[in-house]
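Note on naming: letters A, B, ... go to the chains in the order of the sequence lines (proteins, then strands), and numbering restarts at 1 for each one.
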Amino acid sequence: MRITTWNINSVRLRAPLAVQLLEQVQPDALCLQETKCPDEHFPHQTFIDAGYPHIAIRGMKGYNGVAIISRLPFTSTDSLDWVGKQDCRHISATFSDGIELHNFYVPAGGDEPDTMKNEKFDHKLKFLEEMRDWFTANRKPDAPMVLVGDLNIAPLEHDVWSHKQLLKVVSHTPVEVERLAAVQNGLGWIDTARHVTPETEKLYTWWSYRARDWAAADKGRRLDHVWVTPPLGDKIKDSSVLRDARGWEKPSDHAPVTTQLG
DNA sequence: ATGGTCGGTTGCCGA
C-alpha cells in the first residue's frame with residue numbers, strides 16, 4: 001500500500017496539481033489538508049475521473065478541511081472533533097485489509113509560543129494532548145494504523161534548516177516537540193520518514209512562500225508526517241518527499257510525502 | 001530587527 005499526504009492549500013485551486021501528483025506517484029490513497037472547501041463544493045468528479053472514486057471529506061468555508069482520496073474502497077469512515085471545535089481537522093478511513101488511516105491537520109499555533117499571550121498556541125497544545133488521549137484510550141498498539149498529516153511540528157534538529165534559530169519559533173519549540181513525542185510514544189508510532197532517512201540528514205516538507213528563492217535559500221521545515229503502528233513497522237519500504245512539487249506552477253507551500261508499505 | 005507571500009470569510013485574517 002502506498003499513501004501520500006499533502007497540504008494542498010485550496011483543493012479547488014489546485015485540483016489539477018493533485019491529479020498530476022496522482023499520475024506521477026500513483027498512491028493507493030492521497031490524504032489532503034487545508035482543502036478550504038465546503039463539502040458541497042468538493043471537486044469529486046476530478047478525482048473519480050483520475051481513477052480515485054472513493055472519497056471521504058470534511059470541509060468548511062475558508063479554513064482547514066481534510067480529505068482522503070482513494071483508489072481502494074473503504075469499509076468505514078469517520079471524522080472526529082477536537083478541543084470542542086467543529087473545525088474539520090481530522091478524517092479517518094478503514095480499508096478491507098483492516099488498516100485504519102487517520103488524516104490530521106494540527107493547528108499551526110500562531111506566532112507567539114506563549115499560551116498566556118496566544119490562544120492559538122494553547123489550542124495547538126490542547127489538540128496534541130487530545131490526540132494522545134484519544135489514541136491511548138481508544139486504540140491498541142497492535143492495531144494496524146497509519147497516521148498522516150500536516151502536524152505543524154518539525155520535531156528533530158535536522159527537521160529544520162537551523163535548530164538554534166528556530167528554538168523559539170512556533171513549529172520547533174521544545175514544548176510542542178514534547179507534546180508531539182507524547183502522541184508518538186502513546187502507541188509507539190514509527191516515523192516512517194526517519195525510519196528510511198537518518199536523523200543526521202536534513203529533511204523538509206515545507207518552504208515559506210515569503211522566500212525570494214525558496215530552493216536556493218532552502219530554509220525548510222519537516223511539518224508533514226507519515227507514522228505507522230508497530231505491526232506495520234517491518235512493511236515500511238520507502239518514504240520520500242516530492243520536493244519537485246514545491247517548484248510547480250502556483251505551488252502549495254508544502255510538498256507531498258509518500259510512504260510505501262509492503 | 002524587519003518584512004517578505006499566499007488563499008479565501010478579502011481590503012483583513014490565518015498561515
Side-chain angles (χ1 to χ4, degrees), chain A residues 5-21 31-43 46 57-67 82-90 103-115 117-128 148-155 159-162 164-173 176-177 179-180 204-225 241 243-257:
Chain A
T5 181
W6 189 30
N7 179 319
I8 193 169
N9 189 15
S10 173
V11 70
R12 281 176 287 184
L13 192 67
R14 282 188 254 278
L17 291 188
V19 171
Q20 186 177 327
L21 172 64
C31 298
L32 300 175
Q33 305 85 34
E34 280 207 271
T35 55
K36 296 183 174 176
C37 182
D39 291 348
E40 61 270 27
H41 294 139
F42 196 87
T46 302
I57 54 175
R58 179 97 191 268
M60 61 191 283
K61 206 195 274 186
Y63 300 104
N64 311 330
V66 286
W82 304 83
V83 200
K85 297 174 193 283
Q86 298 186 344
D87 57 356
C88 306
R89 293 180 179 276
H90 168 267
N103 176 16
F104 281 94
Y105 176 50
V106 171
D111 289 332
E112 178 70 52
D114 181 337
T115 58
K117 295 187 210 159
N118 172 13
E119 64 182 33
K120 290 182 198 153
F121 193 67
D122 188 57
H123 177 218
K124 183 178 197 174
L125 297 186
K126 287 195 166 96
F127 193 103
L128 292 161
V148 309
D150 177 2
L151 306 185
N152 265 314
I153 296 171
D159 292 340
V160 294
W161 64 276
S162 169
K164 261 192 158 173
Q165 286 179 255
L166 288 169
L167 274 170
K168 292 179 179 173
V169 174
V170 171
S171 71
H172 192 62
T173 66
E176 297 166 79
V177 170
R179 296 301 168 95
L180 187 68
Y204 314 136
T205 66
W206 173 88
W207 295 261
S208 172
Y209 281 129
R210 294 175 190 175
R212 226 188 321 246
D213 183 339
W214 71 273
D218 201 22
K219 292 184 172 181
R221 305 178 200 171
R222 189 171 70 101
L223 304 179
D224 303 275
H225 301 269
V241 179
R243 185 184 165 110
D244 285 358
R246 183 61 180 80
W248 287 346
E249 184 98 6
K250 295 277 280 174
S252 168
D253 46 355
H254 293 253
V257 181

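Side chains of A:S252 and A:N9: a donor-acceptor N/O pair is absent below 3.5 angstrom, by distance only. No side-chain donor-acceptor contact under 3.5 Å links A:E176 and A:S171.
One C1' atom belongs to B:dC6, the other to B:dG11, and the distance between them is 15 Å to the nearest Å. Nucleotides B:dT10 and B:dG14 place their C1' atoms 12 Å apart, quoted to the nearest Å. A gap of 15 Å separates the P atoms of B:dT9 and B:dA15, to the nearest Å.
For A:S208, no side-chain nitrogen or oxygen approaches OP1 or OP2 of B:dT5 to under 4.0 Å. For the pair A:K120 and B:dC13, the criterion of a side-chain N or O lying under 4.0 Å from OP1 or OP2 is not met.
With A:N64 contributing its side chain and A:D87 its backbone, the two residues share a donor-acceptor pair below 3.5 Å. Of the possible donor and acceptor atoms, none in the side chain of A:R222 sits under 3.5 Å from a partner among the backbone N and O of A:A154.
In this structure, A:Y63 atom OH and B:dG7 atom C1' are separated by 10 Å, rounded to whole Å. One can place CZ of A:R210 at 18 Å from P of B:dA1, the figure rounded to the nearest angstrom. Separating the CD atom of A:E249 from the P atom of B:dT5 is a distance of 17 Å, rounded to the nearest angstrom. The CZ-P distance, from A:R212 to B:dC6, rounds to 13 Å in whole Å. Look at CD1 on A:I8: it is 17 Å from P on B:dC6, rounded to the nearest Å. At whole-Å resolution of the value, CG in A:D253 and P in B:dG4 are 17 Å apart. Remark: P of B:dA15 and CZ of A:F121 are 14 Å apart, rounded to the nearest angstrom. Note: OH (A:Y209) to C1' (B:dG14) measures 13 Å, nearest angstrom.
Two residues, A:H254 and A:P38, neighbour DNA chain B, and the one matched to the more 5' nucleotide by heavy-atom proximity is A:P38. Mapped onto DNA chain B by nearest heavy atom, A:M60 and A:A211 fall at different nucleotides, with A:A211 at the one closer to the 5' end.
For A:R14, counting side-chain heavy atoms from C-beta on, the closest listed nucleotide (B:dA15, B:dC6, B:dG8) is B:dC6. Side-chain proximity of A:K61 to B:dT9, B:dA15, B:dC6: nearest is B:dT9.
For the pair A:R221 and A:W161, the cation-pi criterion (under 6.0 Å, within 45° of the ring axis) is not fulfilled.
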